[in-house]
K.L.:
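The following block contains the structure, expressed as structure tokens.
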Amino acid sequence: MINKKYIDELLDKLVNNQLTEEEYHKLIAIIDKAENQEEIKGILGEYLETEKAPGFASNRNEKDVDKLFNRIMKSIDEDELEVKGKETWVGKISIHQFYKVAAVLIFLVGLFYFFNNDAFISQDTAITTSGSIDKDNVILKLADGEVVVISQNEQKEILGRKGGVVAEQNGSWLTYTGKNKTKKVSYNELSIPYGKKFDLVLADGTRVTLNAGSWIKYPVEFSKDGSRKVFFKGEAYFDVAEDKIRPFVVKTGAVGVEVLGTEFNVSNYPEDSQINTVLVEGSVKIRAKNNKDDKTSSRLLLPGHKAAWSNKNGSMTMEKVDVSKYIAWKEGILRFENMQFSDIRRKLERHFGVSIKNNNQVLERQVYTATFKEESIEEILNAFKEDTPFEFELNDNRVIIKTD
């Protein structure tokens with residue numbers, strides 16, 4: 001656990017040009033540690049919101065903080081800190097002039113370029129070489145901030161900053177070679193648009209099938225010791241490569257799923273009230289954010305069971321389930337069991353890459369059990385229409401259901 005107060009103090013000294021060489025090294029060591037980076041970004045975001053940092057714009061959001069953090073990490077990666085300079089003094093503390101200036105530059109130059117340079121690209125959209133916005137393709141963000149647009153009908157190599165092959169794309173598969181040896185862990189991010197699925201093979205051989213509207217952050221190469229940790233939002237099926245020394249950890253919202261080698265499904269979309277983990281085979285430990293080993297926040301899940309973490313109540317429940325119901329999406333099957341149309345509507349939006357505006361409140365509350373596989377969005381809506389009559393319009397990728 002990072003000492004937030006201590007980090008805030010170091011940031012204050014940094015922007016006020018008062019950071020000592022020793023403090024500088026401590027700050028960089030904390031930031032550069034892979035397991036600290038998500039928490040550091042949260043602290044950085046809170047710090048910027050206090051407006052202590054010059055140049056900060058009040059309309060920036062969480063994704064902006066991600067980009068700023070990546071800018072800082074890139075500065076560290078580029079070894080900008082290996083220059084030596086003359087000695088100077090701040091109060092009674094002796095420091096090297098370079099370290100003081102370099103530390104400030106990492107932060108403030110990062111701010112300047114981040115908030116004023118058009119070269120930074122929003123994670124919400126990808127800009128192609130032609131300058132048009134592409135919302136239909138898979139987006140890969142490399143560790144150095146470069147954005148790669150992935151079309152699912154291509155075959156190509158993904159190159160790192162130094163020209164080495166990081167991963168290989170073959171259609172809807174992206175496979176990491178495990179040959180990109182680095183001294184420290186660097187992360188890539190993969191975003192899947194609505195209407196598409198994608199398969200990812202991590203450097204350790206773990207296979208991940210990502211459902212529409214999902215995002216995952218993962219190391220290009222896992223460290224030789226410690227846990228194999230990835231960060232995730234959306235829905236995915238994990239087939240984890242066995243490693244008895246390095247547990248595999250999926251961090252999603254307030255929950256961490258820890259395994260050694262097994263198959264399971266995780267679902268955590270922003271609009272969902274629960275984080276669901278369904279175990280197909282093997283065993284996993286579900287641990288809540290507070291890290292307590294009790295029945296409320298840490299449970300061992302058995303095959304054929306589902307663990308549901310309530311985002312509202314902060315509690316966990318477990319039950320035996322029909323696993324096929326939760327992994328049918330992998331085969332392109334839509335299964336709805338005792339589900340309100342309001343929830344069905346959101347699943348249809350993700351599956352088909354459409355937006356659905358429902359003005360029929362009677363329909364919104366209706367509960368259905370149904371299975372679809374090859375039907376179009378229009379055919380599915382017509383099927384629901386047989387039970388609860390309603391009218392709808394379908395134009396391009398937008399559906400409007402008329403009032404009752």
Side-chain angles (χ1 to χ4, degrees), residues 34 38 66 123 126 134 136-160 164-180 182 185-223 227-243 246-252 256-269 277-278 280 282 284 326-327 329-332 350-351 353:
E38 287 302 308
D66 283 342
Q123 290 177 324
D134 187 346
D136 299 322
N137 291 306
V138 174
I139 302 302
L140 173 65
K141 184 177 180 182
L142 302 180
D144 60 3
E146 180 184 353
V147 173
V148 179
V149 178
I150 295 181
S151 175
Q152 289 179 283
N153 58 5
E154 289 183 331
Q155 291 186 347
K156 62 183 178 183
E157 294 180 335
I158 308 297
L159 303 180
V165 177
V166 174
E168 298 173 351
Q169 182 205 346
N170 186 2
S172 62
W173 284 85
L174 185 63
T175 302
Y176 280 74
T177 62
K179 299 176 183 178
N180 190 45
T182 57
V185 178
S186 60
Y187 286 83
N188 282 187
E189 300 175 33
L190 196 63
S191 301
I192 316 301
Y194 281 6
K196 295 186 184 295
K197 297 194 298 289
F198 200 78
D199 291 286
L200 173 67
V201 180
L202 301 176
D204 67 338
T206 293
R207 298 190 174 205
V208 187
T209 301
L210 294 147
N211 204 353
S214 297
W215 169 90
I216 186 170
K217 179 178 179 179
Y218 51 91
V220 173
E221 178 76 21
F222 291 99
S223 60
S227 61
R228 297 170 288 164
K229 188 179 295 184
V230 301
F231 303 89
F232 169 77
K233 295 176 184 177
E235 184 169 29
Y237 185 91
F238 290 84
D239 184 355
V240 178
E242 185 176 359
D243 189 328
R246 301 178 299 170
F248 192 93
V249 179
V250 178
K251 299 287 289 184
T252 179
V257 183
E258 181 177 328
V259 303
L260 295 175
T262 191
E263 297 183 34
F264 60 97
N265 193 85
V266 179
S267 181
N268 177 28
Y269 285 106
T277 304
V278 177
V280 178
V284 302
Y326 293 90
I327 64 173
W329 64 268
K330 288 181 61 190
E331 309 301 324
R350 291 194 293 260
H351 185 80

K.L.:
Is there a side chain to side chain contact (heavy atoms under 4.5 Å, CB included) between Phe222 and Tyr176 once you walk through the steps?
P.N.:
CA-CA 11 Å; Phe222 291 99; Tyr176 280 74; over 6 Å; no

K.L.:
Could you tell me which non-hydrogen atom of Asn137 sits nearest to which non-hydrogen atom of Ser151, and how far apart they are?
P.N.:
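Closest pair (atom of Asn137, atom of Ser151, distance): OD1-CA, 3.7 Å.
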
K.L.:
Which atom names give the shortest non-hydrogen contact between Val148 and Lys156, and what distance separates them?
P.N.:
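That would be CG1-NZ, 3.9 Å.
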
K.L.:
Sort out for me which residue in Val250, Val259, Val240, Val249 forms a side chain to side chain contact (heavy atoms under 4.5 Å, CB included) with Arg228.
P.N.:
Val240

K.L.:
Are any of the side-chain heavy atoms of Leu210 and Val138 separated by less than 4.5 Å?
P.N.:
no

K.L.:
Answer yes or no: does atom CZ of Arg246 have more than 12 heavy-atom neighbours from other residues, nucleotides or ligands under 6.0 Å?
P.N.:
yes

K.L.:
What are the two closest non-hydrogen atoms of Gly234 and Ser214, and how far apart are they?
P.N.:
CA-OG, 3.6 Å

K.L.:
So which atom in Tyr326 and which in Asn265 form the shortest heavy-atom distance, rounded to 0.1 Å?
P.N.:
O-ND2, 3.7 Å

K.L.:
What's the verdict on side chain to side chain contact (heavy atoms under 4.5 Å, CB included) for Leu159 and Val165, showing C-alpha distance, side-chain angles and the deciding distance?
P.N.:
CA-CA 5 Å; Leu159 303 180; Val165 177; 3.8 Å; yes

K.L.:
Do Tyr218 and Phe232 come within less than 4.5 Å of each other through their side chains, counting heavy atoms only?
P.N.:
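A side-chain contact is absent here, since even the closest heavy-atom pair is not under 4.5 Å.
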
K.L.:
So, do Leu260 and Asp243 sit near enough that their side-chain heavy atoms are less than 4.5 Å apart?
P.N.:
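Answer no - side chains too far apart.
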
K.L.:
Are the side chain of Glu221 and the backbone N or O of Ser223 linked by a donor-acceptor pair below 3.5 Å?
P.N.:
no

K.L.:
Using every non-hydrogen atom in the two residues, find where Lys229 and Tyr187 come nearest and quote the distance to one decimal.
P.N.:
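Shortest heavy-atom separation between Lys229 and Tyr187 comes out as O-CE2, 4.1 Å.
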
K.L.:
Where do Ser172 and Gln152 come nearest, in terms of heavy atoms and distance?
P.N.:
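Smallest heavy-atom distance, with atoms named: CB-NE2, 3.4 Å.
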
K.L.:
So do the side chains of Asn188 and Val166 get within less than 4.5 Å of each other, counting heavy atoms only?
P.N.:
yes

K.L.:
Between Val280 and Asp239, is any pair of side-chain heavy atoms under 4.5 Å apart?
P.N.:
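With C-beta onward as the side chain, the pair stays apart.
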
K.L.:
Is Thr206 reaching over with its side chain to a backbone N or O of Ala241, donor-acceptor style, under 3.5 angstrom?
P.N.:
yes

